[in-house]
Amino acid sequence: MPAGGLGPAGRRPRQPQDRPTRGRLHRRHDRSFRDRGTCPPLRHQCYDMTNFFDHLATDLRDRLARLAADDAIPALPDDLGNVVLEPTRDPAHGDVATNAALVLAKTLRMKPQDLGRRIADAMAGHPDVVEAAVAGPGFVNLRLSDGFWRARLAEILAAGPAYGESAKGAGVAVNVEYVSANPTGPLHVGHCRGAVFGDALAALLEKVGHAVTREYYINDAGGQVDTLARSAFLRYREALGEDIGDIPEGLYPGDYLIPVGQGLVEKYGDRFRHQDESVWLMPIREFAIAAMMAMVREDLEALNIRQDVFFSEYTLHTSGRIDEVLQELVDRDLIYEGVLEAPKGKQPDDWEPRPQTLFRASQFGDDTDRALKKSNGAWTYFAADIAYHFDKYKRGFNHQIDVWGADHGGYIKRMRAAVTAISGGKADLDVKICQLVKLTRGGEPVKMSKRSGSFVTLRDVVDEVGRDVVRFMMLTRKNDAPLDFDFDKVTEQSKDNPVFYVQYAHARARSVLRNAAAEIAGMDLSRTGLSAASLDRIESADELALVKQMAAFPRLLEQAADAHEPHRVAFALYDLAAAFHGLWNKGKEDPSLRFILADDPVLTHARLALLQAVCDVIASGLGVLGVTPVEEMR
RNA sequence: GUCCCCGUAGCUCAGCAGGAUAGAGCACAGGAUUCCUAAUCCUGGGGCCACUGGUUCGAAUCCAGUCGGGGACACCA
């Protein structure tokens with residue numbers, strides 16, 4: 001959809017984000033993923049080797065069951081759903097804590113403190129637990145042995161940048177549909193955010209074991225592509241030597257259509273020049289859409305995005321698929337002819353009560369029923385979208401995510417309603433909304449682009465600041481929060497700039513490893529060599545804190561994936577970078593904390609292993625975001 | 001009028017499935033460099049988590065309502 005007043009005459013220009021992305025919202029209480037039925041009540045039961053919280057949680061549950069079996073505590077309830085084992089916020093409370101005693105106290109009719117003491121005693125039997133204590137209102141705090149943490153460090157080194165991959169998703173198929181911009185012009189910044197978000201989310205879901213399909217819905221039916229065809233026809237006449245003057249209101253003025261006009265001349269000569277629109281509209285439309293989609297793919301390629309499926313809306317109309325799915329809804333009495341009430345408040349001037357073909361969306365949580373046919377008899381966009389989501393369902397996607405622009409928020413309920421209806425409640429749809437990107441340069445708003453005729457294109461941004469910067473920056477805010485993007489700031493080499501900050505941490509660590517290789521002869525700095533280092537020499541509190549932080553990374557990935565929030569990965573990397581920079585600078589005050597110690601090659605080797613692990617975790621996280629870790633800053 | 005999102009430090013924002021004393025950056029004040037990149041780090045002041053009620057062992061977090069900001073509201077895509 002065009003931005004900046006290019007919409008069909010008489011309509012309010014749409015937001016820069018026409019109908020871009022689409023996706024799935026999964027509010028915290030939306031339990032679609034959690035209730036897959038594959039996990040027993042206690043959280044994170046389906047565990048993976050790298051998420052040690054799972055191991056401990058399993059162990060906790062076993063020990064609770066044993067306590068009950070030994071009559072040390074009353075019988076447990078079936079559902080331990082609220083019992084969690086999580087990292088402590090304050091290191092003074094140990095490494096991990098469980099609320100088991102607080103949650104179970106009431107049903108077991110015990111005082112939280114008493115229950116907590118039994119749990120603590122039981123957990124003290126775990127070989128890695130060096131301290132188990134009841135604290136506060138009844139938390140059980142556990143401190144884990146240094147050896148336990150060193151084992152996690154070894155795991156990171158063994159996994160490398162693959163660290164954090166898990167089987168939690170169990171190969172369950174998820175369809176992520178994103179970008180889905182109308183094929184009427186180049187992608188703009190709004191699409192850019194949705195593109196990066198969707199792609200990172202897809203990668204995140206893959207990382208935790210889902211079978212992900214990345215998809216793009218081509219809106220190649222309807223009035224906008226006709227407008228595109230007319231705009232291309234104008235450029236066609238121009239390519240034939242006509243002076244077309246200014247582009248009339250209502251047509252797309254962008255320069256990007258000039259080569260399309262030339263291409264049309266190459267293909268068709270002057271055959272259409274004096275023909276009626278009814279003759280040239282379809283062939284030119286087809287040609288122009290193909291050209292636009294080629295351009296869109298190039299733009300996405302610039303961000304390293306390659307989607308698996310490009311699905312044409314037009315084919316839904318021509319293949320009878322819409323009639324097919326709607327017939328199913330008719331059979332279930334979910335479609336009727338009726339008259340909608342006029343919306344209150346802002347009423348359209350041309351409103352007239354009229355019988356329409358309506359879908360009973362209100363039976364599935366929508367605010368009102370929704371129209372499926374336009375006044376001219378054609379299907380509405382929504383009707384086609386139902387068929388599209390039905391198609392996805394039939395292709396085996398019980399879990400669907402759409403990533404959309406902010407202006408499509410009002411469309412979410414009906415689409416979710418439709419997915420529920422067409423799947424008989426078997427499929428879920430989460431729609432993720434991406435808020436606007438505010439582009440600035442030195443604080444001043446940036447709005448125009450020559451190439452597009454109005455909006456700043458995705459290409460403008462990527463070409464100027466680079467793919468990695470764009471990708472990272474787009475994820476430094478939660479998707480539903482507006483994002484400021486300042487051309488000057490994002491390329492600045494300072495702590496202000498999170499991209500730089502994280503990349504610098506990686507580069508710094510790599511730099512030490514390179515220097516070590518040059519300075520210290522005979523040390524094996526290969527991954528296997530570092531894995532064989534004497535990790536028991538990692539013993540300072542700061543170093544172990546860094547290890548603990550990295551060991552929490554797989555869990556963070558799982559949680560970010562469950563919440564469909566890839567931005568959490570970006571924030572985690574920032575935190576890890578901060579911890580690393582902090583450790584680094586301690587070496588300035590206290591030289592014994594430096595990584596390279598000429599007089600202690602064994603300790604040096606161990607610390608270099610730690611350094612390699614930092615690189616691995618950063619690389620792992622950046623990999624999810626689609627950002628390349630750098631070896632050095634330039 | 002209805003629906004959705006948002007409201008946390010002066011500013012921009014995190015806050016992990018309800019958890020213990022609410023965090024970071026910027027800005028402000030002070031400090032650290034014979035050193036593996038000071039492109040960094042450390043310390044400090046700063047908070048009615050918009051408001052009111054509710055749920056409970058416990059609420060910034062969940063629920064209801066109020067106020068304030070943004071967005072969307074037949075047939076467009």
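Numbers restart at 1 for each chain; the letters A, B, ... are given by sequence-line order, proteins then strands. Please read all numbers here as calculations on a predicted model, not as lab measurements.
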Mind checking side-chain hydrogen bond (donor to acceptor under 3.5 Å, both in side chains) for [X] and listing every partner two or more places apart, or none if nothing turns up?
{"X": "A:Glu543", "value": "A:Ser540, A:Arg607"}
{"X": "A:Gln503", "value": "none"}
{"X": "A:Asp486", "value": "A:Thr440"}

Which nucleotide in [options] has an atom nearest any side-chain atom of [X]:
{"X": "A:Phe500", "options": "B:U40, B:A77, B:C36", "answer": "B:U40"}
{"X": "A:Ser494", "options": "B:U37, B:U40, B:G15", "answer": "B:U40"}
{"X": "A:Trp584", "options": "B:A20, B:A38, B:C4", "answer": "B:A38"}
{"X": "A:Arg89", "options": "B:G15, B:A38, B:C41", "answer": "B:G15"}
{"X": "A:Tyr574", "options": "B:G25, B:A20, B:A77", "answer": "B:G25"}
{"X": "A:Glu352", "options": "B:G15, B:C76, B:A74", "answer": "B:A74"}
{"X": "A:Arg508", "options": "B:A32, B:A72, B:U37", "answer": "B:U37"}
{"X": "A:Tyr504", "options": "B:C41, B:A38, B:C75", "answer": "B:A38"}
{"X": "A:Glu86", "options": "B:A74, B:G19, B:C41", "answer": "B:G19"}
{"X": "A:Trp351", "options": "B:A74, B:A20, B:U40", "answer": "B:A74"}

Indicate, with a heavy-atom threshold strictly under 4.0 Å, whether [X] touches base, sugar-phosphate, or nothing.
{"X": "A:Arg370", "value": "nothing"}
{"X": "A:Gly582", "value": "sugar-phosphate"}
{"X": "A:Asp220", "value": "nothing"}
{"X": "A:Asn99", "value": "base"}
{"X": "A:His581", "value": "sugar-phosphate"}

Taking only the [atom1] atom of each, what is the distance from [N] to [M] in whole angstrom?
{"N": "B:C41", "M": "B:C26", "atom1": "P", "value": "8 Å"}
{"N": "B:G23", "M": "B:G15", "atom1": "P", "value": "15 Å"}
{"N": "B:A59", "M": "B:C49", "atom1": "P", "value": "13 Å"}
{"N": "B:A60", "M": "B:U8", "atom1": "P", "value": "15 Å"}
{"N": "B:G25", "M": "B:U43", "atom1": "P", "value": "10 Å"}
{"N": "B:G58", "M": "B:A24", "atom1": "C1'", "value": "26 Å"}
{"N": "B:G65", "M": "B:C5", "atom1": "P", "value": "13 Å"}
{"N": "B:G45", "M": "B:A9", "atom1": "C1'", "value": "11 Å"}

Could you give me the CA-CA distance, side-chain angles and deciding distance for A:Gln435 and A:Asn479, then say whether side-chain hydrogen bond (donor to acceptor under 3.5 Å, both in side chains) is met? CA-CA 6 Å; A:Gln435 266 295 347; A:Asn479 58 289; over 6 Å; no
Hydrogens and angles aside, do A:Tyr336 and A:Asp369 bring a side-chain donor and acceptor to less than 3.5 Å of each other?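 A:Asp369 and A:Tyr336 do have a side-chain donor-acceptor pair below 3.5 Å.
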Does [X] make a side-chain N or O approach to OP1 or OP2 of [N] shorter than 4.0 Å?
{"X": "A:Asn515", "N": "B:U37", "result": "yes"}
{"X": "A:Tyr411", "N": "B:G71", "result": "no"}
{"X": "A:Lys588", "N": "B:A38", "result": "yes"}
{"X": "A:Arg414", "N": "B:A72", "result": "no"}
{"X": "A:Ser511", "N": "B:C36", "result": "no"}

Return the set of residues passing ring pair (Phe, Tyr, Trp, His ring centres under 6.0 Å) with [X] (not counting sequence neighbours), or none when no residue passes.
{"X": "A:Phe364", "answer": "none"}
{"X": "A:His93", "answer": "none"}
{"X": "A:Tyr216", "answer": "A:Phe310"}

Return the set of residues passing side chain to side chain contact (heavy atoms under 4.5 Å, CB included) with A:Ala378 (not counting sequence neighbours), or none when no residue passes.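 Partners of A:Ala378 by the side chain to side chain contact (heavy atoms under 4.5 Å, CB included) criterion, ordered by chain and then number, come out as A:Lys374, A:Asn376.
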A:Ala361: what forms a side chain to side chain contact (heavy atoms under 4.5 Å, CB included) with it, not counting sequence neighbours?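 If we apply the side chain to side chain contact (heavy atoms under 4.5 Å, CB included) test to A:Ala361, skipping adjacent residues, the hits are A:Phe359, A:Asp366, A:Arg370, A:Ala417.
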Counting distance alone, no hydrogens or angles: does the base of B:U2 have a donor or acceptor under 3.5 Å from a partner atom on the side chain of A:Asp367?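 A donor-acceptor contact between them is absent.
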Can you tell if the side chain of A:Val134 reaches within under 4.5 Å of the side chain of A:Phe139, non-hydrogen atoms only?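 A side-chain contact under 4.5 Å is absent here.
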For residues 505-514 of chain A, dump all side-chain donor-acceptor pairs below 3.5 Å to protein atoms at least two apart in sequence or in another chain.
{"from": "A:His506", "atom 1": "ND1", "to": "A:Val630", "atom 2": "O", "distance (Å)": "2.8"}
{"from": "A:Arg508", "atom 1": "NE", "to": "A:Tyr504", "atom 2": "OH", "distance (Å)": "3.2"}
{"from": "A:Arg508", "atom 1": "NH1", "to": "A:His581", "atom 2": "ND1", "distance (Å)": "3.0"}
{"from": "A:Arg508", "atom 1": "NH2", "to": "A:Tyr504", "atom 2": "OH", "distance (Å)": "3.3"}
{"from": "A:Arg510", "atom 1": "NE", "to": "A:Glu631", "atom 2": "OE1", "distance (Å)": "2.8"}
{"from": "A:Arg510", "atom 1": "NE", "to": "A:Glu631", "atom 2": "OE2", "distance (Å)": "3.3"}
{"from": "A:Arg510", "atom 1": "NH2", "to": "A:Glu631", "atom 2": "OE1", "distance (Å)": "3.4"}
{"from": "A:Arg514", "atom 1": "NH1", "to": "A:Glu631", "atom 2": "O", "distance (Å)": "3.3"}
{"from": "A:Arg514", "atom 1": "NH1", "to": "A:Glu631", "atom 2": "OE1", "distance (Å)": "3.4"}
{"from": "A:Arg514", "atom 1": "NH2", "to": "A:Glu631", "atom 2": "O", "distance (Å)": "3.3"}

ring-ring contact (aromatic ring centres under 6.0 Å, His included) assessment of A:Tyr574 paired with A:Tyr501: CA-CA 7 Å; A:Tyr574 185 88; A:Tyr501 190 72; 4.7 Å; yes
For nucleotides 7-14 of chain B, print each protein N/O atom paired with a nucleotide N/O atom at under 3.5 Å, atom names and distance only.
{"from": "B:U12", "atom 1": "O2'", "to": "A:Arg477", "atom 2": "NH2", "distance (Å)": "2.8"}
{"from": "B:C13", "atom 1": "O2'", "to": "A:Arg477", "atom 2": "NH1", "distance (Å)": "3.3"}
{"from": "B:A14", "atom 1": "OP1", "to": "A:Lys478", "atom 2": "N", "distance (Å)": "3.4"}

Pairs counted only when both distances fall under 3.5 Å, Watson-Crick or G-U: show me the 5' to 3' dot-bracket for RNA chain B, [ ] for pseudoknotted crossings and | for other-strand partners. (((((((..((((.....[...)))).(((((.......))))).....(((((..]....))))))))))))....
With a 3.5 Å distance limit and no angle check, can you tell me whether A:Thr227 reaches the backbone of A:Gly223 through a side-chain donor-acceptor pair?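 Between the backbone of A:Gly223 and the side chain of A:Thr227 there is a qualifying donor-acceptor contact (under 3.5 Å).
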5' priority, RNA chain B, between A:Glu341 and A:Ala221 [closest heavy atom]: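 Closest to the 5' end, via its nearest nucleotide, is A:Glu341.
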Nearest-nucleotide wise, let me know which of A:Gly136 and A:Leu340 is further upstream toward the 5' end of RNA chain B.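 That would be A:Gly136.
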A:Phe139 over B:G19, stacked by centroid distance under 5.5 Å, angle under 30°: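 Stacking between A:Phe139 and B:G19: absent.
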Check the interface with nucleotides 54-57 of chain B: list each N/O to N/O pair with the protein under 3.5 Å, or write none.
{"from": "B:C57", "atom 1": "OP1", "to": "A:Lys106", "atom 2": "NZ", "distance (Å)": "2.7"}
{"from": "B:C57", "atom 1": "OP2", "to": "A:Lys106", "atom 2": "NZ", "distance (Å)": "3.1"}

